[in-house]
Amino acid sequence: MPELPEVETVRIGLKKLIIGKTIVNVSFDWPKSFPNDPQQTAAFILNARIQNVRRRAKVLMIDVSTDYSLVIHLKMTGQLVYRGEQTFGAGHPNDSLVGDLPDKSTRVIITFADNSQLFFNDQRKFGWMRLIPTLEIPNIDFMKKVGPEPLEPSFTLQVFQDQLLRRKNTNIKAALLDQTVVAGIGNIYADESLFMAGIHPKSIVGAIPKRRINLLHDSVVHVLQLSINKGGSTDKNYVNAEGKKGSYMSFAKVFRQEGNICPNGCGSIIEKIKVAGRGTHICKKCQKLYKVA
DNA sequence: CACTTGACCTGTCCGC
DNA sequence: TGCGGACAGGTCAAGT
């Protein structure tokens, strides 16, 4: 569930909270969540200072002063929650989904010199946190393959079209979810942008008219940016770096809206179908199916 | 090579 | 109430 807007919201929050802090301890209970040699971990990041928090696609990078980075993928249920002096003994805000930490989904705990802590929680254990030399990050497989950042100015219509050409025989939903086509789109924003562009998710990429691709390009950018402005989507698990929910779900037009009236006012009901192996939300009337060029 | 499906996990919900 | 099974969805490996 954490997609580009959620990861970006975490990045912005973490940047405010942990820059300049010194790591004094790292502990973990599930090796797959933190597949690093414990001795190396100690040698490479203990007493290191946090210098920057970056994002590429759905991947977060916490750069430290030893030229190493903690590279983090939250996958579906990962959370990065900071607890610091301002929250000690203060209880938890109403919009928090997270209670006392650590809890049973806590996989990694990073403790800073001022006793504040960063918790990596991950109920389903799909996410991971790896220690990698900062300069080597571009060489890891995922970074080499991942497509353009949709919110960069370089993500032009032409770039989008060219990227989609590589998947022209598959359905548009699978193409949008393919991280080598565009970085950062997941199930929520694929459904939302396809609805906004009026394209049925089962449409074959090569059969979609150029003006619709143009609309889809603009929809992707709009939907992602709107969600960042709303602090991301909290469907079940997602929280920001302070443990708080995002509010985009109350603006979602089709995602998890099955059974409701189409917000376009066309009179039909939002349906849930399966496309590319994923739950997919559509308005049959407003989203046109393109099968043949 | 293009494309699809299954595995990785755990918590929740639904039907019997 | 208990219990099995489907489902949730990001990514990679394995399959067609």
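Proteins get letters first, then strands, A, B, ... in listed order; numbering begins at 1 in each.
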query = Could you give the CG-to-P distance, from A/Asp235 to C/dA8, as a whole number of Å?
reply = 10 Å
key: Under the side-chain contact (heavy atoms from CB on, under 4.5 Å) test, residues paired with A/Asp122 that sit two or more places apart   = A/Thr77, A/Arg107, A/Phe120
ask   = NA contact type, A/Tyr238, heavy-atom cut-off 4.0 Å: base, sugar-phosphate, or nothing?
value = nothing
message = Take a 6.0 Å sphere around NZ of A/Lys202 and say whether it holds more than 12 heavy atoms from other residues, nucleotides or ligands.
response = no
Side chain A/Ser203, main chain A/Tyr290, donor-acceptor under 3.5 Å = yes
note = In B/S/- notation (B base, S sugar-phosphate only, - none; protein heavy atoms under 4.0 Å), nucleotides 4-11 of chain B written 5' to 3' is S---BBBS
Salt-bridge present (A/Lys253, A/Glu192; N to O < 4.0 Å) = no
For A/Ile261, all residues meeting side-chain contact (heavy atoms from CB on, under 4.5 Å), sequence neighbours excluded = A/Ile269
ask   = Taking only side-chain nitrogens and oxygens of A/His73, does any of them come within less than 4.0 Å of OP1 or OP2 of C/dG10?
value = no
task = Identify the heavy atoms of A/Lys144 and A/Asn139 that sit nearest to each other, and give their distance.
result = CE-O, 3.2 Å
ask   = For the rings on A/His217 and A/Phe155, is their centre-to-centre separation under 6.0 Å?
value = yes
task = Evaluate ring pair (Phe, Tyr, Trp, His ring centres under 6.0 Å) for A/Phe255 paired with A/Tyr248, printing each intermediate quantity in order.
result = CA-CA 11 Å; A/Phe255 192 81; A/Tyr248 179 84; 9.2 Å; no
key: Separation of C/dT11 C1' from A/Asp178 CG (nearest whole Å)   = 11 Å
key: Basic-acidic side-chain contact under 4.0 Å: A/Lys173, A/Asp191   = yes
message = I need the CE-P distance between A/Met143 and C/dC12, as an integer number of Å.
response = 11 Å
ask   = Whole Å only: how far is the CZ atom of A/Arg56 from the P atom of C/dT11?
value = 12 Å
query = Tell me: CD of A/Glu258 to P of B/dC14, nearest whole Å?
reply = 12 Å
ask   = Nearest-Å distance, CD (A/Glu3) to C1' (C/dT11)?
value = 13 Å
query = Can you list, by residue number, the residues of residues 187-201 of chain A that have a non-hydrogen atom closer than 4.0 angstrom to DNA chain C?
reply = A/Asn187
ask   = How would DNA chain C look in dot-bracket form, 5' to 3', counting Watson-Crick and G-U wobble pairs with both distances under 3.5 Å and writing | for bases paired to another strand?
value = .|||||||.|||||||
query = With A/Lys284, which residues qualify under side-chain contact (heavy atoms from CB on, under 4.5 Å), at least two apart?
reply = A/Glu271, A/Ile282
key: Length of the line joining A/Lys58:NZ and C/dC12:P, which is rounded to integer Å   = 10 Å
task = Using whole Å, report how far NZ of A/Lys145 lies from P of C/dT11.
result = 10 Å
request  = Can you tell me, in whole Å, how much space there is between the P of C/dA13 and that of B/dC9?
outcome  = 15 Å
request  = Without swapping roles, check the side chain of A/Glu3 against the backbone of A/Asn187 for a donor-acceptor pair under 3.5 Å.
outcome  = yes
